[in-house]
Novice: 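Structure provided below as structure tokens; questions to follow.
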Protein chains: 2
Amino acid sequence: MTTSEDSNEARTGERITDAEHAVMEVLWDRPRQTAAEVCEDVCAARGWSLATVKTLLSRLVQKGAVAAEPDGRRFLYSPLIAREDYVGGESRRLVDRLFGGSAASLVAHLAESEALTANDLDEIEALLKELRA
Amino acid sequence: MTTSEDSNEARTGERITDAEHAVMEVLWDRPRQTAAEVCEDVCAARGWSLATVKTLLSRLVQKGAVAAEPDGRRFLYSPLIAREDYVGGESRRLVDRLFGGSAASLVAHLAESEALTANDLDEIEALLKELRA
DNA sequence: TCACGGCGATTACAGATGTAAACCTTGCGC
DNA sequence: GCGCAAGGTTTACATCTGTAATCGCCGTGA
């Protein structure tokens with residue numbers, strides 16, 4: 001395959017689903033949380049029950065995306081894959097699927113569809129300068 | 001909500017899946033094709049059978065994403081949603097989900113992760129200039 | 001006219017996903 | 001010592017997705 005990456009989910013093979021991703025975000029925000037703690041962060045927002053969070057955490061552990069560190073009789077969960085990597089993978093997927101692999105095309109599209117505010121443009125421009133430096 | 005769009009799948013409500021998307025691409029490339037014609041374009045590439053294409057076309061029609069114009073005893077299928085809109089919707093979803101809605105963040109990420117080649121940077125810069133003009 | 005081939009519609013079916021209840025084990029408080 | 005609460009594990013189950021096979025209709029060529 002074209003993606004020579006070996007740092008993200010490509011390694012686990014298993015993809016992280018939408019629901020699972022919500023859990024990952026919580027763990028990325030703060031690692032080493034219990035299922036209950038994670039629930040506190042997402043259950044309300046997504047209308048989930050603690051049971052759902054437990055299931056998702058299990059699946060993530062199975063997928064090798066999350067580590068379960070024993071802490072007494074329970075576990076402290078932490079992400080095993082970096083957010084950077086996940087985000088990178090997802091971004092690349094989108095670019096590959098919809099823009100023929102050209103990231104520039106994506107940016108072009110965002111710009112043309114006015115998804116970019118003047119502010120965004122400024123930021124990007126600044127970024128470019130930085131990258132060029 | 002932030003998405004004021006009313007032109008794409010938001011209207012249909014139903015999301016277009018990956019497999020369906022492959023079919024859409026063919027139709028965007030050339031509208032008014034029969035199932036068999038579509039198959040010619042994708043079956044080989046995806047290892048599908050004609051039956052699969054038929055199913056996907058049906059689902060797309062149900063979802064209101066594709067129009068089936070009667071032509072004798074068969075149908076000529078055409079996209080009902082513009083590629084622009086689909087691409088825009090998907091892009092926005094990604095940006096919302098992974099970059100807190102900031103397209104600039106996405107660009108920043110692409111840049112930092114070296115997903116952008118020097119060439120890309122040039123293109124983007126040119127684009128910016130144009131947009132500013 | 002009659003079987004056959006082309007085509008949409010119906011049905012199938014396994015695996016992934018979202019969402020959760022039920023169950024089981026074990027330390028803790030009474 | 002014992003039942004309860006907390007936490008993980010197992011089971012459940014409806015949908016959605018991917019991928020087809022099968023059914024039924026009908027126009028066409030023999």
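In this text the structure is predicted, and so the values were computed from the model without any measurement. We name chains A, B, ... by the order of the sequence lines, and we start the count at 1 in each one.
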Novice: How long is the line joining CG of B:Leu57 and P of C:dC7, in whole Å?
Specialist: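 Rounded to whole Å, this separation is 13 Å.
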Novice: Quick test of your reading: applying salt bridge (charged side-chain N to carboxylate O under 4.0 Å, His left out), list the pairs with at least one residue in residues 69-79 of chain B, sequence neighbours left out, ordered by first then second residue.
Specialist: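 The answer is B:Arg32-B:Glu69, B:Asp71-B:Arg74.
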Novice: Roughly how many Å is it from CD in A:Glu69 to C1' in D:dG8, rounded to a whole number?
Specialist: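 Rounded to the whole Å, the gap is 16 Å.
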Novice: Taking side chain as C-beta onward, heavy atoms only, is B:Glu20 less than 4.5 Å from B:Val66?
Specialist: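 They are not in side-chain contact.
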Novice: Without decimals, in angstroms, what is the distance between A:Arg74 CZ and D:dA5 P?
Specialist: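 In whole Å, D:dA5 P lies 18 Å from A:Arg74 CZ.
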Novice: Going by modelled atom types, is there a donor-acceptor pair between the base of D:dG18 and the side chain of B:Arg46 at under 3.5 Å?
Specialist: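 Side chain to base: no pair present.
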Novice: Any side-chain N or O of B:Thr17 below 4.0 angstrom from OP1/OP2 of D:dG18?
Specialist: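 Answer is yes, contact under 4.0 Å.
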Novice: Rounded to the nearest Å, what distance is computed from the CD atom of residue A:Glu20 to the C1' atom of nucleotide C:dT17?
Specialist: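 Distance check: A:Glu20 CD to C:dT17 C1' gives 8 Å.
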Novice: What's the closest nucleotide to the A:Arg59 side chain, out of C:dA9, C:dC7, C:dT19?
Specialist: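 Within the option list, the nearest is C:dT19.
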Novice: Only counting residues at least two apart or in another chain, list the ones meeting salt bridge (Lys or Arg N to Asp or Glu O under 4.0 Å) with A:Arg46.
Specialist: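 A:Arg46 satisfies salt bridge (Lys or Arg N to Asp or Glu O under 4.0 Å) with no other residue.
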Novice: Please determine whether a side-chain nitrogen or oxygen atom of A:Thr55 lies at a distance below 4.0 Å from atom OP1 or OP2 of C:dA20.
Specialist: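 So the side chain of A:Thr55 is outside the cut-off, no N or O lying under 4.0 Å from OP1 or OP2 of C:dA20.
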Novice: Could you check whether the rings of B:Tyr86 and B:His21 sit parallel, tilted or perpendicular, using 30° and 60° as the cut-offs?
Specialist: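 Aromatic pair B:Tyr86/B:His21 classed parallel.
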Novice: Please tell me which of A:Ala19 and A:Arg73 maps to the more 5' nucleotide of DNA chain C, matching each residue to the nucleotide holding its nearest heavy atom.
Specialist: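 Closer to the 5' end of DNA chain C: A:Ala19.
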Novice: Checking all strands, does B:Ser49 fall into the base, sugar-phosphate, or nothing category for heavy-atom contacts under 4.0 angstrom?
Specialist: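 Result for B:Ser49 = sugar-phosphate.
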Novice: Both A:Ala51 and A:Asp18 contact DNA chain C. Which one's nearest nucleotide lies toward the 5' end?
Specialist: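 In this pair, the answer is A:Asp18.
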Novice: I want to verify a distance call: between C:dA9, D:dA20, C:dT17, whose nearest atom is closest to the B:Thr52 side chain?
Specialist: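 Of C:dA9, D:dA20, C:dT17, D:dA20 is nearest to the side chain of B:Thr52.
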Novice: To the nearest Å, give me how far apart NZ (A:Lys54) and C1' (C:dC23) are.
Specialist: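 Roughly 11 Å, once rounded to whole Å.
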Novice: If I take atom CZ in residue A:Arg15 and atom C1' in nucleotide D:dT17, what distance separates them, rounded to the nearest angstrom?
Specialist: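 To the nearest whole Å, that distance equals 14 Å.
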Novice: What integer distance in Å separates A:Phe75:CZ from D:dT9:C1'?
Specialist: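 In whole Å, D:dT9 C1' and A:Phe75 CZ are 10 Å from each other.
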Novice: Are the side chains of A:Asp18 and B:Arg97 in contact, using a 4.5 Å heavy-atom criterion?
Specialist: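 Side-chain contact under 4.5 Å: yes.
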Novice: NA contact type, B:Ala35, heavy-atom cut-off 4.0 Å: base, sugar-phosphate, or nothing?
Specialist: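 The residue B:Ala35 makes sugar-phosphate contact but no base contact.
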Novice: Please state how far atom CG in B:Leu60 lies from atom P in C:dG8, giving the value in whole angstrom units.
Specialist: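 Between P of C:dG8 and CG of B:Leu60: 14 Å.
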